[in-house]
Amino acid sequence: MGMQLRFSRSWGRIGAAMALSLLAAACSDDDGTISPADANTMTQALELKVGDSVATKVVGELPQGSNQPDEPTVALDDDEIEARAGSTLDVELVFTTATGVDLSSIFAKIGDASQYYQIPVSGGSKRAVNGKAGVSYTVSIAIPPFIEPGTFSIRFSGRNAQGLNSNAVQLLVKLAQGGTAPTPTAAPTATPTPTAAPTPTPVPTATPTGAPTPTPTGAPTPTPAPTATPSPTPVPTATPTPTPGAGSKATACLNPTLDQIGTRVEQVIRSTDGQSGADLTTTSDSVVMRTTTFKGNNANETESTVQARSQSNPEVNSDSTTYSYTRLDGTTLKIFGVVTEAEAQGFTITTTISNEPPAEERFDLSPGQSYTQSYTTTQENGSVGGFQIPPTETQFTVKTTYVGQESVTVPAGTFNACKFTEDATATFDGQTSTSTATTWMAVGSGQFLKSVSEGDTNELVSASINGEPVTGN
């Protein structure tokens with residue numbers, strides 16, 4: 001897939017649910033659709049078969065012709081075809097060979113994907129083509145309903161029983177939404193995607209998609225601010241909140257209240273794409289509901305209702321509900337995973353994202369200290385409209401450094417903040433990418449304030465914890 005499922009410290013234990021809700025609501029676009037231009041995601045979404053023989057996926061390039069006199073030759077009746085999302089496309093391939101040897105496999109590859117399909121075959125329909133022995137096979141391509149209108153290419157080749165590979169032919173598929181005439185409209189380019197493409201995605205680490213290390217995103221907690229001065233307004237005596245750590249340690253930005261049953265956090269975050277300037281405003285209402293288990297781990301479950309809206313690109317608007325699973329052990333927040341339920345094009349998409357071992361967010365750091373963690377993030381997808389998207393895995397290695405405290409200004413105000421940097425390496429589908437992120441969190445409340453990653457910016461517009469607004473200095 002085109003995304004890496006990692007969210008940085010910037011979203012917090014409650015904000016993490018918000019980030020993943022949009023991430024999981026779609027495979028590559030935040031409205032729950034897949035762009036035909038995303039070859040890797042299309043390869044995971046489409047199912048190919050010949051008769052009852054279903055294709056498997058193999059990492060690498062499409063097998064090349066053997067350049068032997070007896071190798072088979074493949075041909076298509078048409079090199080362009082129209083299809084609709086939610087339908088099955090039948091493609092007839094005709095192979096000829098001087099020896100008349102049947103095929104053993106048919107290969108197919110979408111665009112520049114990192115994998116190709118291999119379908120074991122036998123028999124076929126015999127036919128003569130230009131005086132040569134020929135055999136015809138029909139490749140059925142099941143196209144899910146959540147594929148956007150657009151165009152994608154798919155190349156075919158084959159291998160005979162003697163182990164000789166054929167030439168390759170390319171088919172251009174012009175795809176329309178179910179029930180509409182084909183339209184060559186390209187997929188929206190400003191879709192916020194938590195995985196790769198730098199778009200205003202609610203996932204602060206705009207690189208695929210994807211390995212979570214959320215951090216407390218809370219609003220002010222009823223605990224005295226580290227530099228509290230007498231004020232005519234009485235300081236709320238609310239739930240106990242952590243006393244800022246000695247000096248400028250990161251514990252000053254750890255707020256255990258955010259992990260307590262019953263805590264409610266409301267926040268609005270504005271995201272801006274560094275390249276296009278596209279915007280996204282994400283509003284979330286999160287409540288820590290109960291203690292339960294997730295993948296065999298004891299965790300607190302937080303329910304979040306999330307709404308994402310973009311003025312510049314309304315096609316990415318989405319609504320979802322997420323259930324995030326975290327646990328605070330001393331000064332370490334463990335992030336086990338998230339379950340997201342999202343509505344897209346009339347279908348309910350349920351996605352489960354889990355970390356093994358759990359991703360960790362540590363606050364026992366002094367300025368300049370770092371820690372490195374490695375974990376695997378697995379995304380499991382429920383069926384959508386009768387189509388099953390296979391699970392995916394991404395391996396992450398993340399180095400987190402606590403820089404220290406400094407002042408930062410965001411739409412919500414000016415705050416004393418803890419500054420963190422993250423350097424992440426992600427390996428997905430045999431391909432490795434890197435990303436960096438810088439995040440600021442409020443001293444005292446532990447509220448996410450701002451993150452910058454690969455040119456994309458996320459900033460806090462407003463927030464409250466248990467009804468108390470988060471305000472600056």
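In what follows, residues are counted from 1 in the order of the sequence shown. Hydrogens, waters and symmetry mates are skipped; everything else that's a heavy atom, side chains included, is used. It should be emphasised that the depicted structure is a prediction, and the values quoted were computed from it without experimental measurement.
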Identify the two heavy atoms, one from Thr283 and one from Val268, that lie closest to each other, and give their separation to 0.1 Å.
OG1-CG2, 3.9 Å
Between Val461 and Thr281, is a side-chain contact (heavy atoms from CB on, under 4.5 Å) present by the stated rule, with each step listed?
CA-CA 9 Å; Val461 176; Thr281 298; 5.7 Å; no
Rounded to the nearest 0.5 Å, how far does CD1 of Ile147 lie from OG1 of Thr41?
9.0 Å
Is there side-chain contact between Asn416 and Asn473, with heavy atoms separated by less than 4.5 Å?
yes
Mind running side-chain contact (heavy atoms from CB on, under 4.5 Å) on Val54 and Glu47 for me, showing each step along the way?
CA-CA 8 Å; Val54 179; Glu47 180 183 87; 4.3 Å; yes
Between Thr340 and Ser320, does any side-chain donor sit less than 3.5 Å from a side-chain acceptor?
no
Any salt bridge between Arg270 and Asp279, counting N to O under 4.0 Å?
no
Quick check: do Arg290 and Asn300 have side-chain heavy atoms less than 4.5 Å from each other?
no
To the nearest 0.5 Å, how far apart are CD in Gln373 and CZ in Phe396?
11.0 Å
For the student: nearest non-hydrogen atoms of Glu459 and Thr457, plus distance:
CG-CG2, 3.7 Å
Roughly how far apart are Thr377 OG1 and Asn355 CG, rounded to 0.5 Å?
4.0 Å
Quick one, Thr421 and Thr436 - any side-chain contact, counting heavy atoms below 4.5 Å?
no
Nearest heavy-atom approach of Gln405 to Ala252 is NE2-CB, 3.4 Å
Heavy-atom side-chain proximity of Ile141 to Thr88 below 4.5 angstrom
no
For Glu393 and Gln379, which I'm curious about, is there any donor-acceptor pair between the side chains at under 3.5 Å?
no
When you compare the side chain of Ile261 with that of Thr291, does any pair of heavy atoms fall below 4.5 Å?
yes
After noting the C-alpha distance and the side-chain angles of Val470 and Phe415, does the key distance pass the side-chain contact (heavy atoms from CB on, under 4.5 Å) rule?
CA-CA 10 Å; Val470 175; Phe415 297 80; 3.5 Å; yes
For the pair Tyr325 and Phe294, name the ring-plane relationship: parallel under 30°, tilted 30 to 60°, perpendicular over 60°.
parallel
Answer yes or no: does atom CZ of Arg155 have more than 12 heavy-atom neighbours from other residues, nucleotides or ligands under 6.0 Å?
yes
Supply the atom-to-atom distance Phe152 CZ to Leu175 CG, rounded to the nearest 0.5 angstrom.
6.0 Å
Go through the side-chain N and O atoms of Thr425 and Thr434 and say whether any donor and acceptor fall under 3.5 Å apart.
no
Minimum heavy-atom distance between Thr43 and Ala113, given as atom pair plus value:
OG1-CB, 3.3 Å
I'd like to check Lys450 versus Thr439 (side-chain heavy atoms, cut-off strictly below 4.5 Å). Are they in contact?
no
Do any N or O atoms from the side chain of Tyr375 and from the backbone of Val398 form a donor-acceptor pair under 3.5 angstrom?
no
Please find the pair of heavy atoms, one from Trp440 and one from Glu406, that lie closest to each other, and give the distance.
NE1-OE2, 2.7 Å
Determine whether Leu328 and Thr326 make a side-chain contact, defined as any pair of heavy atoms from C-beta on separated by less than 4.5 Å.
no
Can Glu380 and Lys295 be counted as an ion pair, charged N to O under 4.0 angstrom?
yes
Hey, does Leu46 have a side-chain heavy atom less than 4.5 Å from the side chain of Pro144?
yes
Which heavy-atom pair separates Cys253 from Ala442 by the least distance, and what is that distance?
SG-O, 3.5 Å
Can you tell me how far the CZ atom of Arg327 sits from the CG atom of Asn298, to the nearest 0.5 Å?
6.0 Å
Any sub-3.5 Å donor-acceptor pair from Ser304's side-chain atoms to Val306's backbone N or O?
no
Could you tell me whether Lys49 atom NZ has more than 12 heavy atoms of other residues or ligands within 6.0 Å of it?
no
State the CD-CG distance between Gln115 and Asn40, to the nearest 0.5 angstrom.
7.5 Å
Can you list the steps and then say if Ile119 with Val139 is a side-chain contact (heavy atoms from CB on, under 4.5 Å)?
CA-CA 9 Å; Ile119 314 171; Val139 179; 4.2 Å; yes
Are Arg309 and Asp319 within salt-bridge range, i.e. N to O under 4.0 Å?
yes
